[in-house]
Amino acid sequence: MTPRPSSSGPEPRKTTGKKTAQAAEKATAKKAVAKKATAKKAVAKKATATKAVANKKGTQKTAIKKTATKQAVPREAAALPRAEVAVSPALDAGDRERLLAGTHHDPHAVLGAHRVPGGVAFRAFRPYALAVTVLSGKLRVELHDDGDGFFSGLVPLAEVPLHRLLVAYEGTVQEVEDPYRFLPTLGELDLHLIGEGRHEQLWRALGAHPATHDGVAGTRFAVWAPNARGVRVAGGFNFWDGTGHPMRSLGSTGVWELFLPGVGAGELYKFEITRPDGSRTFRADPLARRTEVPPATSSVVHASDYTWGDGEWLAHRADAPAHEAPMSVYEVHLPSWRPGLTYRQLAEQLPAYVADLGFTHVELMPVAEHPFGGSWGYQVTGFYAPTARLGDPDDFKYLVDRLHRAGIGVLMDWVPAHFPRDDWALAEFDGRPLYEHADPLRAAHPDWGTLEFDFGRREVRNFLVANAVYWCEEFHIDGLRVDAVASMLYLDYSREPGQWTPNEHGGRENLDAVAFLQEMNATLYRRVPGVVTVAEESTAWDGVTRATHHKGPSGFGGLGFGLKWNMGWMHDSLEYMSREPVHRTYHHGELTFSMVYAYSENYVLPISHDEVVHGKKSLVSKMPGDWWQQRANERAYLGWMWAHPGKQLLFMGQEFAQGAEWSEAHGPDWWLLDPEYGAAADHRGVRDLVRDLNTVYRATPALWRRDTHPSGFAWVVGDAADDDVVAFLRLDADGTPLLAVSNFAPVVRSGYRLGVPEDVPAWHEVLNTDAARYGGGDVLNPHPVKPDAQGWHGRPASIRLTLPPLATVWLRPA
């Protein structure tokens, strides 16, 4: 097995020392030719014969062809002018020491081939090599062994030729390209944008990219490590010893770069970084697009060859903004939805299941790579890599593609607030705080033992903004649900007095985080038509979904999100539903208070994974009463939720009233739906209700077209606390209404009078959560209900309905 590097990295191994090269032969005044090299080197007994190396029977010496004075040279290599005086091609002691120590900033300046007085100096750094020979056309020159893996030679050429290296090791001989003959793979524009923190496609510049450079196939590596004294590439291709593959520093950008010929997709690698104190650490690539399967931690060179088939979906994705379109979200924890399935296997089952239930979107977690599965993907180490637990990046693209072709949008959980402290990942990446804040109090997240990003550093903001763009452009993700926004916005979040420092205005707002979120949202909406960002923000921050250029009362521009999770609605409504019906009368405000602020932001109503774990119970188990009452309460709640202004989000397993809490170890209890299970009908009934809720919802513009405008909602009765009843109208842009009535008492209310608009001649029940097919008591309003002229609830007409116990009823104009 290939050995894995430790977090600190092994010390570089040294080859047997040899004396430094003798002084180069002086050129004569009449003939500009190099003296023939005389030293021969031992090679392996079984060294493979090549054009330049011939095994001789009974000897381990390699015969290297010598350069004759009349030997033909390549067209690129003209004769040397006679006036030049030759210099030694060997490296000086300083360069040797820095290369051996891994602290050389510009190895390309001294390795490879370079024009010098007296000809062209060839230098190679090949630890463990027994011999190195330069090949260029018919030219064959064995380099002198200068010791410690260094080889050099001076050839009387006027120009640097194209060349390859023939490297002899014990037991083998390899003909390879010289990685130090290539110009940088990053251009001035890339470096300028990186330096400015404005490279919106940063993943195309940094990381590992298989490419053809100057006609040679290989992989270009680039990493941002401004505090490093040196960076080397280590991987399976060099037996995890990066000594011979130092990278060059590209000016003041802090970017290190190296093109390695012959390295292709699928190779494992890390960056071996020499810290400011001289110690070394092996680090995974922050922009790796693929990783090993955890707990292994290496990055993987990746080249995508996926062909998308979702063109029709993308063409119409931006037809309507998210807040004016139907959005019903099914939240999925991918590894446990059907445990053991890969991305491609999920693609054969998940789209069909979600489409059958009528959801418009899925929200996927976890997506980005993370070392600990129990974190559910909220402690990310591979921000640019889909988790390898379920397949490679193209497999994940296949899943997204299949969802799109089934007419389902894809949101993903995105975690830009913090990252774990693993010593092979981002923490003190190059030996000093880099991605995290330099102030330990600002860097340490008080709740999760992680590190917060330094949002004030332009390169860090660039890393995260480009990451948001990356998922939407490269993987066709339709939206990002941004985790833990509140922890980013406040300097005193979960901190006691003395543990935080006010901002420049004396306030508690994290101005750097505000600027980052505004930049991220503005950039993403500009670049990706039809995308939506959703903030999980648990406070009353002003303007989460307001445009970034519109200032609010606080003086801040909006954060620019498209939608915001309504955490207040979730907490209040679940608190209300968890009470015994006899007590609900005294807490009616918990049900209605959400309408006080319903239009302050563009909201999503979330019943997410966070609400069904860690002792919080599943949705149905939160409900009071016996098993029938629990299911009736859940059905009534879902009917009320789907009619309430805002988009809906429901976590997997809750759609069929799973009684147990969710666990990432085994996922939903699908066996509850097995026809052989005696109570399967109870669970299938709730799932059938969810399907019908989505079907009617999508077909009723009144429920979503004016979700974010007060004109789309009107109370019928919101203060019937003694009855545990709420009723309201949802209105389309043309005034077409839907009447939603919820009875949260366990009694039938016959002839219950409700005020209604006088211009509707009759109302027809389109959904009743007490229907027998859902597991209810089948207390229905089977016939159209006509209003009479008796005014009620401040309206000129009214109707009388039969309200089922613990149920929600929807009616539309007949």
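Quick note: numbers below take in every heavy atom, side chains included, and nothing from hydrogens, waters or symmetry partners.
D669 places no side-chain N or O within donor-acceptor distance of the main-chain N or O of W671, the cut-off being under 3.5 Å. Here the side chain of N227 pairs no donor or acceptor atom with the backbone of D430 at under 3.5 angstrom. A side-chain donor-acceptor contact under 3.5 Å links S621 to the backbone of G659. Under the 3.5 Å distance criterion, the side-chain polar atoms of Q349 are left unmatched by any main-chain donor or acceptor of L346. Using a distance-only test at 3.5 Å, with no hydrogens or angles considered, no donor-acceptor pair links the side chain of N521 to the main chain of Q518. Although no hydrogens or angles enter the test, the distance criterion places a donor-acceptor pair under 3.5 Å between the side chain of E436 and the main chain of E428. In this structure a side-chain-to-backbone donor-acceptor pair under 3.5 Å is present from E601 to G543.
Here the two rings, on F453 and F419, have centers that are under 6.0 Å apart. Y637 has its ring centre no less than 6.0 Å from the ring centre of W642. Checked against the 6.0 Å centroid criterion, the rings of F475 and F396 qualify as a close aromatic pair.
Side-chain contact check for K270 and T297: at least one donor-acceptor pair (N or O, by modelled atom type) lies under 3.5 Å. Y269 and S298 are not linked by any side-chain donor-acceptor pair at a separation below 3.5 angstrom, with hydrogens and angles left out of the test. Side-chain N/O atoms of D478 and H404 include a donor and acceptor closer than 3.5 Å. If you check the side chains of W203 and N467, you find no donor sitting under 3.5 Å from an acceptor. Q654 and E634 form no side-chain donor-acceptor contact under 3.5 Å, judged by distance and modelled atom types alone. Checking T342 against R344 by side-chain atom types alone, no donor-acceptor pair falls below 3.5 Å. A donor atom on one side chain and an acceptor atom on the other are not found under 3.5 Å apart for D422 and T381. With hydrogens and angles left out, the side-chain atoms of E661 and S618 include no donor and acceptor closer than 3.5 Å. The closest side-chain donor-acceptor pair between Y603 and S594, if any, does not fall under 3.5 angstrom. A donor atom on one side chain and an acceptor atom on the other are not found under 3.5 Å apart for H666 and S336. Between H476 and D310, the side chains place a donor N or O and an acceptor N or O closer than 3.5 Å (distance only, hydrogens not considered). Judged purely by distance below 3.5 Å, without hydrogens or angles, the side chains of D401 and Y306 pair a donor atom with an acceptor atom.
For F359, the ring pair (Phe, Tyr, Trp, His ring centres under 6.0 Å) partners are Y330, not counting sequence neighbours. Shown here are the salt bridge (charged side-chain N to carboxylate O under 4.0 Å, His left out) partners of E452, two or more places apart in sequence or in another chain: R495. Applying the salt bridge (charged side-chain N to carboxylate O under 4.0 Å, His left out) test to E537 and every residue at least two apart in sequence or in another chain returns K564. Residues that satisfy the salt bridge (charged side-chain N to carboxylate O under 4.0 Å, His left out) test with E536, not counting sequence neighbours, are R481. Annotation: salt bridge (charged side-chain N to carboxylate O under 4.0 Å, His left out) contacts of R687 (sequence neighbours excluded): none. Partners of H418 under the ring pair (Phe, Tyr, Trp, His ring centres under 6.0 Å) rule, at least two apart in sequence or in another chain, are H445, W448.
Checked against W541 for a ring pair (Phe, Tyr, Trp, His ring centres under 6.0 Å), the options Y493, F556, F561 give a single hit: F556. A side chain to side chain donor-acceptor pair (under 3.5 Å) with S304 holds for exactly one of K397, R289, E474; it is K397.
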Practice problem: Step by step, work out the side-chain contact (heavy atoms from CB on, under 4.5 Å) result for T533 and L563. | Solution: CA-CA 6 Å; T533 57; L563 299 167; over 6 Å; no

Quiz item: Does the pair W337 and Y353 meet the rule for a ring-ring contact (aromatic ring centres under 6.0 Å, His included), with working shown?
Solution: CA-CA 11 Å; W337 184 72; Y353 182 80; 5.6 Å; yes

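Classified by interplanar angle (parallel below 30°, tilted 30° to 60°, perpendicular above 60°), the ring pair W313/H361 is perpendicular.
Judged by a 6.0 Å distance limit and a 45° cone about the ring axis, R338 is positioned over the six-membered ring of W670.
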